[in-house]
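Accompanying notes for the structure given below.
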Amino acid sequence: MALMGLMSCRTSPKAEKPQPANQYATDEAKALLERMAALTDRGIMFGHQDDLVYGHAWKDSGRSDVLQVCGTYPAVFGWELGGLELGHEVSLDSVPFEKIRESIRWVHAQGGISTISWHANNPLTGGNAWDVSSDQVVKSILSGGECHAQYLNYLNRLADFFLTLTSNDGQLIPLIFRPYHEHTGSWFWWGQNLCTPEDYISLWTMTVGQLTSRGLNNLLYAYAPTGGFSTREAYLERYPGDNIIDLLGFDTYQRGVEQRERYTQSIVRSMKVLEPLARERHKLLIVAETGLESIPDTTWWTTTFWPTFKPFPISYVLVWRNACDKPEHFYAPFPGQISADDFVSFEKLEQTLFLKDL
Ligand code: BMA
């Protein structure tokens, strides 16, 4: 009987509130996780990378393509810190970090949520995140490696920036940090064929340890391999651990209109693995990066995106950036784009959550 009682308690999704993996998490980080969990009962939050800092054919004008199309901002805002580790003032996508800081503060004051990606430079070769010419990079960063001190310096520069992200009352803004993503592919120096599972996990442990040692207990961590996995073992092969990760997700893209079925089926397959895993471990479920570049499909939002994600208890789905300088590189519509009207219908659905719904 006692066992049955315990089991029914454990299997009830409402029985336990999600707790941050970090036992010293700030009240704000705890509250963010609880709020995100509560919001999944109402729907799925829409996220967009770099929404406030540039968009399709504009920059520096304080707009938002999403706002211009549907009258409200995304609920979740993605930001990119690549270049900060080198002491640069602008990101690898040419956004001043000062602007990212202001934007994160603004988002927080409006009740929105910020998530941060990091295409970190390759410390061993001096190349960028996509430099996969050496399979010794992760090794060189770990304790005893030739780049260890240099990499701690990278992390300290990130920490210095994170420590300035405070709210009006002086508290550290709770944030979702998602480093070392898409690592089950081999296009970044931390990818599958470039390091062992043990070294990849050590990279995470070292990173989180260093940021935490700087007092950053406001960070929630998201784990996002490349989509397309179909077993729990594949998903967990390089998982840093329940004591580090708060959000389970993946990155996946639809490559062209003709790949619609492939995209939707792969998401459903991955979600069927992740949904029970997240429930058992009391983690939140996210789709960290997705989209169809250029959206050459007038009803993509209501006939592909929404029917695919809707059945699952996902906290947020984030679409990638609308580059200002690459006319084809956009993932959210802008006024006049062929899927813009459909996006308006999508925003009006009761279970799609934008900033005004939070
Ligand atoms: C990629 C592309 C690049 C960009 C990078 C980091 O997916 O959007 O143009 O530099 O992300 O944001």
**Asked** Does the separation of the ring centres of H119 and W130 fall below 6.0 angstrom?
**Response** yes
**Fill in**
NE2 of H183 to CH2 of W190, rounded to nearest 0.5 Å, is 11.0 Å
**Asked** Of all heavy-atom pairs between P20 and L33, which one has the smallest distance, and what is that distance?
**Response** N-CD2, 3.5 Å
**Message:** Please evaluate residues Y263 and T308 with respect to the criterion side-chain hydrogen bond (donor to acceptor under 3.5 Å, both in side chains), reporting the C-alpha separation (whole Å), side-chain torsions for both, the decisive distance (0.1 Å), and the verdict.
**Reply:** CA-CA 9 Å; Y263 172 72; T308 307; over 6 Å; no
**Prompt:** Between E182 and T226, does any side-chain donor sit less than 3.5 Å from a side-chain acceptor?
**Reply:** no
**Prompt:** Can you check whether V138's main-chain N or O pairs, donor with acceptor, with D199's side chain at less than 3.5 Å?
**Reply:** no
**Prompt:** Are the side chain of S134 and the backbone N or O of Q136 linked by a donor-acceptor pair below 3.5 Å?
**Reply:** yes
**Request:** Please check if the side chain of D357 supplies one atom and the backbone of F354 the other of a donor-acceptor pair under 3.5 Å.
**Result:** yes
**Asked** So, D342 side chain and T302 main chain: donor-acceptor pair closer than 3.5 Å or not?
**Response** yes
**Heavy-atom check, side chain of E347 versus side chain of V69, under 4.5 Å** = no
**Message:** Rounded at 0.5 Å granularity, tell me how far OG in S266 sits from CD in Q254.
**Reply:** 11.0 Å
**Item:** Pair W306-T352, side-chain donor/acceptor within less than 3.5 Å
**Value:** no
**Message:** Are T40 and I314 packed together at the side-chain level, in the sense that at least one heavy-atom pair is separated by less than 4.5 angstrom?
**Reply:** no
**Asked** Is the number of heavy atoms from other residues, nucleotides or ligands under 6.0 Å of R232 CZ greater than 12?
**Response** yes
**Request:** Search all heavy atoms of D246 against all heavy atoms of L219 and return the closest pair with its distance.
**Result:** OD2-O, 4.3 Å
**Asked** Is it true that a side-chain atom of S270 and a backbone atom of F229 form a donor plus acceptor pair closer than 3.5 Å?
**Response** yes
**Item:** L155 side chain near R214 side chain, heavy-atom distance below 4.5 Å
**Value:** no
**Request:** Could you verify whether a donor N or O on one side chain and an acceptor N or O on the other, from S140 and Y151, lie under 3.5 Å apart?
**Result:** no
**Item:** N122 CG to C147 SG distance, which is reported to the nearest 0.5 Å
**Value:** 8.0 Å
**Prompt:** Quick one: are P123 and V137 in side-chain contact, heavy atoms under 4.5 Å?
**Reply:** yes
**Request:** Could you pull out the closest heavy-atom pair between F250 and T252, with the gap in Å?
**Result:** CE1-CG2, 3.6 Å
**Request:** For the pair L216 and F177, evaluate side chain to side chain contact (heavy atoms under 4.5 Å, CB included) and give the outcome as yes or no after the intermediate values.
**Result:** CA-CA 11 Å; L216 291 164; F177 187 36; over 6 Å; no
**Request:** Not counting sequence neighbours, which residues clear ring pair (Phe, Tyr, Trp, His ring centres under 6.0 Å) with Y221? List them please.
**Result:** none
**Request:** Please list, chain by chain and in numerical order, all residues satisfying ring pair (Phe, Tyr, Trp, His ring centres under 6.0 Å) with Y54, sequence neighbours excluded.
**Result:** none
**Asked** Would you say the side chains of N218 and T26 form a donor-acceptor pair under 3.5 Å?
**Response** no
**Request:** Check the pair N128 / L92 against side chain to side chain contact (heavy atoms under 4.5 Å, CB included), numbers first and verdict last.
**Result:** CA-CA 9 Å; N128 63 22; L92 79 178; 5.9 Å; no
**Request:** To the nearest 0.5 angstrom, please state how far the CG atom of D341 sits from the CZ atom of F346.
**Result:** 14.5 Å
**Request:** Check ring pair (Phe, Tyr, Trp, His ring centres under 6.0 Å) between Y316 and all other residues, then give those that pass, not counting sequence neighbours.
**Result:** none
Report all side-chain donor-acceptor pairs from residues 103-112 shorter than 3.5 Å, counting only partners two or more places apart or in another chain.
from, atom 1, to, atom 2, distance (Å)
S103, OG, K99, O, 2.7
R105, NE, T166, O, 3.3
R105, NH2, T164, O, 2.6

**Complete:** Nearest heavy-atom approach of S64 to L52 is CB-CD2, 4.4 Å
**Request:** Would you check if the side chain of Y235 reaches a backbone N or O of G249 as a donor-acceptor pair within less than 3.5 Å?
**Result:** yes
**Fill in**
Those residues at least two apart in sequence (or on a different chain) that pass side-chain contact (heavy atoms from CB on, under 4.5 Å) with R35 are L32, L39, I113, L358
**Prompt:** Can you find a heavy atom in the side chain of V273 that is under 4.5 Å from one in the side chain of R269?
**Reply:** no
**Prompt:** Judged by atom type as modelled, is there a donor-acceptor pair below 3.5 Å linking the side chain of Q337 to the main-chain atoms of S294?
**Reply:** yes
**Prompt:** Hey, is the main chain of R321 close enough, under 3.5 Å, to the side chain of D50 for a donor-acceptor pair?
**Reply:** no
**Message:** Using the rule given for side-chain hydrogen bond (donor to acceptor under 3.5 Å, both in side chains), can you reason through S345 versus W301, listing the C-alpha separation, both sets of side-chain angles and the distance that settles it, and then say yes or no?
**Reply:** CA-CA 8 Å; S345 309; W301 302 99; over 6 Å; no
**Request:** Answer yes if the ring centres of F330 and H48 are under 6.0 angstrom apart, and no otherwise.
**Result:** no
**Message:** Do I244 and Y223 make a side-chain contact, defined as non-hydrogen atoms from C-beta onward lying under 4.5 Å apart?
**Reply:** no
**Request:** Evaluate the side chain to side chain contact (heavy atoms under 4.5 Å, CB included) criterion for residues I295 and F343: first the C-alpha distance (whole Å), next the side-chain angles of each, then the deciding distance (0.1 Å), finally the verdict.
**Result:** CA-CA 11 Å; I295 332 166; F343 191 81; over 6 Å; no
**Request:** Kindly indicate, with the supporting measurements, whether the criterion side-chain hydrogen bond (donor to acceptor under 3.5 Å, both in side chains) is fulfilled by Y253 and E289.
**Result:** CA-CA 8 Å; Y253 286 88; E289 274 185 41; 2.6 Å; yes
**Asked** Would one find more than 12 heavy atoms of other residues, nucleotides or ligands at under 6.0 Å from atom NZ of K348?
**Response** no
**Asked** Looking at N121 and Y154, what are the two nearest heavy atoms and their distance?
**Response** O-CE2, 3.8 Å
**Asked** Considering residues at least two apart in sequence or located in another chain, which fulfil the side-chain contact (heavy atoms from CB on, under 4.5 Å) criterion with D325?
**Response** A323
**Request:** Taking all non-hydrogen atoms of both residues into account, name the closest pair between I286 and A222 and its distance.
**Result:** CD1-CB, 3.9 Å
**Request:** Supply the atom-to-atom distance T264 OG1 to Q259 CD, rounded to the nearest 0.5 angstrom.
**Result:** 11.0 Å
**Asked** Donor-acceptor pair, D93 side chain versus V95 backbone, under 3.5 Å?
**Response** no
**Plane angle bin for W204 and Y200 - parallel if under 30°, tilted between 30 and 60°, otherwise perpendicular** = perpendicular
**Interatomic distance, E237 atom CD to T231 atom OG1 [nearest 0.5 angstrom]** = 9.5 Å
**Crowding at CG, N243 (>12 non-hydrogen neighbours, <6.0 Å)** = yes
**Request:** Verify side chain to side chain contact (heavy atoms under 4.5 Å, CB included) between D242 and H282, making sure each step is shown before the conclusion.
**Result:** CA-CA 9 Å; D242 285 341; H282 309 287; over 6 Å; no
**Asked** Given the rule in the side-chain hydrogen bond (donor to acceptor under 3.5 Å, both in side chains) test, do W320 and D251 qualify, once you have shown the distances and angles that lead to the verdict?
**Response** CA-CA 10 Å; W320 202 238; D251 292 8; over 6 Å; no
**Asked** Does some side-chain heavy atom of L194 sit less than 4.5 Å from a side-chain heavy atom of S186?
**Response** yes
**Request:** Could you tell me whether E258 atom CD has more than 12 heavy atoms of other residues or ligands within 6.0 Å of it?
**Result:** yes
